[in-house]
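A quick write-up on the structure given underneath.
Atoms within a ligand are numbered from 1 in the order they appear, just like the ligands themselves. Quick note: residue numbers are just sequence positions, from 1. Atom set for the values below is all heavy atoms of this structure, side chains included, hydrogens, waters and symmetry mates excluded.
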Amino acid sequence: MTLALDPRLIAALLEWQAELGADECIGDAGVDRFAASAPPAPAAVAPLAQAAAPVAPMAAADPVAEAQALAARAGTLAELAALQAAYPHCELRKGARNFVFSDGNPAARVMLLGEAPGDNEDRQGKPFVGPAGQLLDRMLAAIGLDRAAPDPARAVYIANVLPWRPPGNRDPEPAEVAMMLPFVRRHIELVGPRVLVLMGNHACQAILGQRGITRLRGQWSEAMGLPVLPMLHPAYLLRNPYAKRDAWADLLELQERLEAT
Ligand code: URA
């Protein structure tokens with residue numbers, strides 16, 4: 001039986017699959033990678049007398065300690081980006097199209113930290129370029145800020161906790177955040193903003209160790225020696241437009257702090 005499928009339905013199904021992270025056509029038949037990469041069976045077991053002396057077990061690699069050592073080595077943003085992009089232990093890198101480091105002006109007084117790239121960001125290699133990013137740009141413009149501004153007083157600098165898109169836009173896992181945190185902290189140190197804005201729960205959890213963005217938002221706190229302002233994530237605002245009133249209050253709070261700085 002042949003099904004006459006509506007091309008619009010096919011397009012919608014493909015889009016849905018891509019949203020879930022199934023965005024590459026590999027082949028019709030499945031491949032058992034475990035079997036393919038299994039080591040060949042040993043030809044013979046060596047007699048006991050000839051067995052090599054036991055080797056001391058290698059210290060297990062600690063991905064977080066390695067991230068800390070690498071991040072500490074970076075003296076510039078370009079070095080940090082190169083070291084983070086090459087960091088091998090975060091599985092997300094395998095499924096991502098692009099490494100998404102940052103956008104905006106590193107001389108800006110304001111640094112914004114989001115959660116992780118989505119589909120648009122993954123495709124373009126830049127943070128906050130999809131619908132949430134467009135809303136963010138409009139929100140910033142409302143208080144005279146612009147990620148493309150060359151003037152540090154009007155500019156912003158934007159990065160995420162994770163530089164690779166989690167499949168299907170799932171939440172970051174604690175182990176992924178723990179591995180990326182040393183890079184994020186070094187990122188903030190190297191930019192050295194006057195004010196850090198944390199957008200959403202994941203950024204608050206990473207930097208402040210706290211969740212509960214609807215309670216935290218608009219309340220200044222301090223981290224890494226910087227004034228920190230938690231704000232609602234623009235993706236949350238797209239889903240909950242009534243919360244834009246709170247976001248507007250937070251933006252005014254930010255503007256007031258910048259005017260006083
Ligand atoms: N949401 C984020 O947290 N970061 C992005 O870059 C895009 C959407």
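- Residue E115 has at least one heavy-atom neighbour below 4.0 Å for each of these atoms of ligand 1: 2 (C), 3 (O).
- Within the 4.0 Å heavy-atom criterion, the part of E121 lying near ligand 1 is the side chain and not the backbone.
- Here the OH-CE distance, from Y236 to M231, works out to 13.0 Å after rounding to the nearest 0.5 Å.
- Atoms of ligand 1 found under 4.0 Å from any heavy atom of P127, numbered from 1 in the order shown, are 6 (O).
- Of all atoms in ligand 1, numbered sequentially from 1 with element shown, those under 4.0 Å from a heavy atom of G114 are 3 (O).
- Within 6.0 Å of the CZ atom in R185, the count of heavy atoms belonging to other residues, nucleotides or ligands does not exceed 12.
- The contact set between ligand 1 and H233, taken as ligand atoms under 4.0 Å from a residue heavy atom, comprises 1 (N), 2 (C), 3 (O).
- Between the side chain of N201 and the main chain of R211, no donor-acceptor pair closer than 3.5 Å is present.
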Please report the C-alpha distance between W220 and E253 in whole Å, then the side-chain angles of each, then the deciding distance to 0.1 Å, and finally whether the side chain to side chain donor-acceptor pair (under 3.5 Å) criterion is met. CA-CA 9 Å; W220 286 98; E253 189 62 48; 2.9 Å; yes
Assess whether side chain to side chain contact (heavy atoms under 4.5 Å, CB included) is satisfied between Q255 and L258, documenting all intermediate values. CA-CA 5 Å; Q255 187 179 39; L258 290 174; 5.8 Å; no
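- Closest protein heavy atom to atom 4 (N) of ligand 1: N160 OD1, 2.8 Å.
- Evaluated by nearest non-hydrogen atom to atom 8 (C) of ligand 1, the leading choice among S102, A235, A116 is A116.
- For the pair F128 and ligand 1, the shortest N or O to N or O distance falls below 3.5 Å.
- When side chains are defined from C-beta on, V161 does not count as touching E115, because their heavy atoms never get closer than 4.5 Å.
- How far CG of N160 is from CZ of F128: 5.0 Å, rounded to the nearest 0.5 Å.
- Under 4.0 Å from ligand 1, not a single heavy atom of A132 appears.
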